[in-house]
> 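Dumping the structure here so I can ask a few things about it.
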Amino acid sequence: MRFKSLKGIHDILPPDIHIWQHIEGTARDVFRSYGYREIRLPVIESTDLFIRSIGETSDIVEKEMYTFLDKGGRSVTLRPEGTASFVRAYIEHHLYNEPPPQRYYYMGPMFRYERPQAGRYRQFYQIGAEAMGVDDPRMDAELISLLSEILRTVGLEGLRFEITSIGCKVCRPAFREALKGFLSDKIGGFCADCQRRYDKNPLRILDCKVPQCIEMRKGSPHTIEFLCNGCREHFERLRSYLDLLHIPYTVNPELVRGLDYYTRTAFEVTTDLLGSQNAVAAGGRYDALVEEFGGPSTPGLGFAIGMERIVSLLKDGFKVAEVPELVICFVGDEAAERAFLLAQELRLKGLWVETGYGDASLKSQMRRANRLGARYTIVIGEDELRSGSVDLKDMGSGEKTTVSLDAEAIAGELRKGR
RNA sequence: GUGAGUGUAGCUCAACUGGUCAGAGCACUGGACUGUGGCUCCAGGGGUUGUGGGUUCGAGUCCCAUCACUCACCCCA
């Protein structure tokens, strides 16, 4: 084998592709009822865009970006997530001039240069949604219900919704100081990573999975205890709306997001059926990002669903093998030509029809039809050419029905049998 | 970036402590059944055992390197 796909980058083939199409199709349907429209964004952007939005000290920017120089010497990056591109486009095309909320969705590949493992790839796919222009927590609740509805319709159950509020520019500094104060005298007992996080991004210590760190941080302050009045009210109203919509959730005050642009609402959907990569979707609010990017001060929020993670959850018990309606077998050159033409005529009527191309024996043609799972077969030979009729064989029951050797008649009979 | 495991036909796997060990099943092709699939039986094609070195009379089997894949950590979708 001469060439292989790159590490962590995979082909998606049948039968898996049917699951992907199922997910994408149902997501589109649900998006439609919530008023979301599709937007297609480039997979490559200026590197600065991601640095500015995701955060210079985030892991994504520090070590996971596919960044290179183009022929003009510009630093460009394969998108590691969708929101940055979306906000760029939102401002670039003045989408804020549409009546709010402006709601968009997208689906496509993201790229992160990480060591691959179960549920984690270098090219992975997300379905993302963004809702702009409304800061009312009803929007947050609506977005979360949209997410919940997509996951439910797609066929997933037993997922956990965890939410929290991480505050805003007003309340976060106070929390940060309180947290550092709490940790200051015991930070030496934490893992090396946490000691590093203490200065860089102390909030991340709350997310550490090392048992000793989990133990030592017990009793630490939480963001939700430090929310300013505005943020607290926002969070409380969000919770009441989620209750109103009957969306079950738990408040996880230790939830931390990996991207710096989030404010207030942050949420994550997890499962324990997936091993260590347990997040299937996540999102939150980013009320400052548009303005930071030079647009008018505009609140926004969104989520992203990890496609391959829900594909693998759906994999068991998902069988939608598509099979041909009819396989046309033939014996002899004249019959071969008739079969070739008949296949064409039936395909123009929208049927999936297969026929043979070489001079395989009838037996092997039939074997192939069986292998393909064809619903029906016909055999064209000298007799059929002479009589102008064929036996339509039901491959399930073995029963034969005589019909005239004519596309119209055969199509009619096939449709009847469905 | 760190750590561990695995690499034998298209797929799933055999081959005791190094000595006909290069095999089986599935799949594929053909036949038994001159023009009708699924079951059974028979036959056939297909591998320089990831790659490169080394030890040995002799290496899928041991050693080193390298590459790939997998899993975990980190982090995330």
Side-chain angles (χ1 to χ4, degrees), chain A residues 1 3-10 54 57-65 79-83 107-128 147 151 191-194 196-197 201 204 207-211 213 255-259 267-271 274-283 302-313 327-332 335 356 358 360-385 390-400:
Chain A
M1 190 103 52
F3 293 111
K4 301 175 64 173
S5 65
L6 300 176
K7 184 196 284 288
I9 298 181
H10 301 291
I54 299 167
T57 61
S58 67
D59 275 49
I60 292 178
V61 168
E62 275 188 343
K63 51 185 200 190
E64 296 173 2
M65 296 214 298
R79 62 178 183 190
E81 60 105 32
T83 300
M107 20 187 94
M110 307 293 163
F111 303 84
R112 261 125 89 164
Y113 195 86
E114 301 179 85
R115 196 81 162 255
Q117 70 186 77
R120 202 175 72 186
Y121 309 94
R122 289 187 171 178
Q123 175 173 336
F124 60 101
Y125 291 75
Q126 290 187 337
I127 297 178
L147 173 58
L151 296 172
C191 71
D193 284 327
C194 282
R196 186 170 48 82
R197 289 169 181 140
N201 198 345
R204 295 223 140 272
D207 199 35
C208 183
K209 289 167 189 160
V210 175
C213 300
L255 195 64
V256 176
R257 309 271 60 240
L259 300 90
F267 56 90
E268 203 167 276
V269 184
T270 58
T271 171
L274 231 41
S276 70
Q277 274 11 277
N278 64 353
V280 301
F303 66 71
I305 300 173
M307 275 294 278
E308 27 285 276
R309 292 188 185 172
I310 63 180
V311 167
S312 81
L313 285 175
V327 171
I328 304 172
C329 306
F330 54 84
V331 180
S361 68
L362 181 60
K363 182 190 189 64
S364 74
Q365 292 181 60
M366 286 300 291
R367 198 159 33 213
R368 172 164 169 265
N370 184 58
R371 180 84 208 297
L372 291 172
R375 292 193 218 284
Y376 294 94
T377 52
I378 59 173
V379 177
I380 303 177
E382 283 176 25
D383 296 347
E384 288 76 12
L385 290 172
V390 286
D391 286 341
L392 183 67
K393 180 172 184 177
D394 181 323
M395 293 296 277
S397 66
E399 282 170 28
K400 292 179 181 175

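Chain letters run A, B, ... following the sequence lines, proteins first, then strands; residues in each count from 1.
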> Which residues pass the side chain to side chain contact (heavy atoms under 4.5 Å, CB included) test with A/A304, sequence neighbours left out?
A/Q126
> Who pairs with A/S397 by side chain to side chain contact (heavy atoms under 4.5 Å, CB included), at least two apart in sequence or on another chain?
A/D394, A/E399
> Could you state the atom-to-atom distance from CG of A/L255 to P of B/A77 in whole Å?
11 Å
> What are the two closest non-hydrogen atoms of A/P116 and A/G8, and how far apart are they?
CG-CA, 3.8 Å
> Please name all residues satisfying side chain to side chain donor-acceptor pair (under 3.5 Å) with A/K400, sequence neighbours left out, ordered by chain then number.
none
> How would you list, by chain and number, every residue that makes a ring-ring contact (aromatic ring centres under 6.0 Å, His included) with A/Y121, sequence neighbours excluded?
A/H10
> Measure the distance from CE on A/M65 to C1' on B/G1 and round it to the nearest whole Å.
17 Å
> Sequence neighbours left out, what passes side chain to side chain donor-acceptor pair (under 3.5 Å) with A/E114? Give chain and number order.
none
> Return the set of residues passing side chain to side chain donor-acceptor pair (under 3.5 Å) with A/Q123 (not counting sequence neighbours), or none when no residue passes.
A/Y125
> So what's the dot-bracket for RNA chain B: Watson-Crick or G-U pairs under 3.5 Å, [ ] if a pair crosses, | if it pairs off-strand?
(((((((..((((.....[...)))).(((((.......))))).....(((((..]....))))))))))))....
> Using a 4.0 Å cut-off on protein heavy atoms (strictly under), produce a 5'-to-3' string for nucleotides 28-41 of chain B with B for base contact, S for backbone-only sugar-phosphate contact, and - for none.
S-SS-B-BBBB---
> With sequence neighbours excluded, tell me which residues meet side chain to side chain donor-acceptor pair (under 3.5 Å) with A/D383.
A/R386
> Using a 4.0 Å heavy-atom cut-off to protein, can you give one letter per nucleotide of nucleotides 45-52 of chain B, 5' to 3': B if the base is in contact, S if only the sugar-phosphate is, - if neither?
--------
> Measure all distances between protein nitrogen or oxygen atoms and nitrogen or oxygen atoms of nucleotides 69-71 of chain B, and list the pairs falling under 3.5 Å.
residue, atom, partner, partner atom, Å
B/C69, OP2, A/K7, NZ, 3.1
B/C71, OP2, A/A118, N, 3.0

> Using a cutoff of under 3.5 Å, can you pull out all pairs of nitrogen or oxygen atoms linking the protein to nucleotides 8-10 of chain B, with atom names and distances?
none

